[in-house]
Structures are given as C-alpha cells and as structure tokens.
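Here's the structure, in structure tokens; my notes come after.
For ligands, and for the atoms within them, numbers begin at 1 and follow the listed sequence. The residues of the chain are indexed from 1 along the displayed sequence.
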Amino acid sequence: MTVFARILAGEIPADFLYQDELAVAFRDVSPQAPFHALVIPRKPLKSVADAGQEDTALLGHLLRVAARVAADAGLEEGGYRVVTNVGADGGQTVEHLHLHVLGGRPMGWPPG
Ligand code: DGP
C-alpha cells in the first residue's frame, strides 16, 4: 500500500485542499515552492504510464483539479507549474499517480 493510498484511506493525515468522488488534492509534506500541492486520483494508478483508454476522462479531470487548486491559491496571475514524474529517471518516489502543482516563485527550465 502506498503512502497516498494510506492518505486516501484516512490512515495518514493530510492537509486537504480539494476532494471529490474521483480525486483529492492536499499539500505536499516536503514543499519545493511556497505553494506545493499534489492532485491524485482515488483510483490507484501507478503513473500516467499505467493509465488506459478508460482513464482518459480521469486524466483530464486531474488537470482541471490542478488548475482549480492553483486558482484557489491565488496563482493564476503569477502562473504556476503542473508536473507529473514517472519512474526512476522521472524522479517518481510514490507509485500512485500524482500531479505536482507548484507556484509562488519563478520556476527554472529545464527542470533538474
Ligand atoms: P514524486 O517524487 O513525484 O513521487 O513525489 C512524491 C511527493 O510526495 C513528494 O514531493 C513528497 C510527497 N509525500 C511523500 N510522502 C508524503 C506524505 O506522507 N504526505 C504528503 N502530504 N506528501 C508526501
């Protein structure tokens, strides 16, 4: 069971920013920017690489939730970044699909 599955099950507390029947958003425990949230599906997909045709709408929903939590955090004017890591080279450490929403400072490019 991943740490995010345990958060979804209520076994580990999280600072929730948004919840619906398909997805939840909460603050990252190790923020890499003044605002850093994670958007995850309730469905235990490992990453975007694990998503099938049947998950197309869910993936779109996750992006819309990311935009919503960013707007709720007042980031629309300044901008923000939405990123998802996949596998070892992508820097993924938790095998439950998640979108990082980062903002509140200028982001570097390319990412490290
Ligand atoms: P990634 O490296 O892309 O798999 O990102 C995983 C993120 O999950 C990382 O930024 C830290 C965050 N994280 C890990 N454990 C917890 C936790 O227990 N609670 C919260 N809120 N975030 C966590």
Side-chain angles (χ1 to χ4, degrees):
M1 198 179 197
T2 68
V3 67
F4 293 170
R6 296 185 67 194
I7 286 173
L8 286 169
E11 294 175 15
I12 296 176
D15 186 0
F16 288 99
L17 301 170
Y18 177 86
Q19 303 189 53
D20 66 25
E21 68 279 5
L22 295 175
V24 306
F26 50 87
R27 291 186 195 276
D28 194 294
V29 77
S30 177
Q32 302 302 310
F35 180 82
H36 187 174
L38 301 169
V39 180
I40 74 169
R42 293 189 186 275
K43 183 175 178 179
L45 297 170
K46 288 187 174 143
S47 74
V48 287
D50 192 31
Q53 182 72 33
E54 68 278 14
D55 300 311
T56 300
L58 176 60
L59 295 178
H61 182 67
L62 296 176
L63 280 171
R64 295 196 67 237
V65 172
R68 178 175 172 157
V69 298
D72 288 349
L75 297 176
E76 274 190 326
E77 190 178 338
Y80 54 92
R81 180 166 294 169
V82 180
V83 64
T84 189
N85 299 328
V86 181
D89 280 359
Q92 184 176 12
T93 59
V94 179
E95 283 201 334
H96 183 120
L97 171 60
H98 49 284
L99 305 184
H100 295 262
V101 184
L102 300 131
R105 65 165 172 81
M107 299 292 149
W109 194 265

Which residues pass the side-chain contact (heavy atoms from CB on, under 4.5 Å) test with A49, sequence neighbours left out?
S47, V86
Under 6.0 Å from the CG atom of D15, do we count more than 12 heavy atoms belonging to anything else shown?
yes
Residues forming a side chain to side chain donor-acceptor pair (under 3.5 Å) with D72, sequence neighbours excluded:
none
For ligand 1, list the protein residues that place a heavy atom within a distance below 4.0 Å of one of its atoms, sorted by chain and number.
V3, F4, I7, F26, R27, D28, V29, L38, N85, G91, Q92, T93, V94, H98, H100
Do the rings of H100 and H36 sit parallel, tilted or perpendicular, given the 30° and 60° boundaries?
tilted
Can you tell if the side chain of V29 reaches within under 4.5 Å of the side chain of V3, non-hydrogen atoms only?
no
Salt bridge (Lys or Arg N to Asp or Glu O under 4.0 Å) pairs, two or more places apart, involving residues 44-54:
none
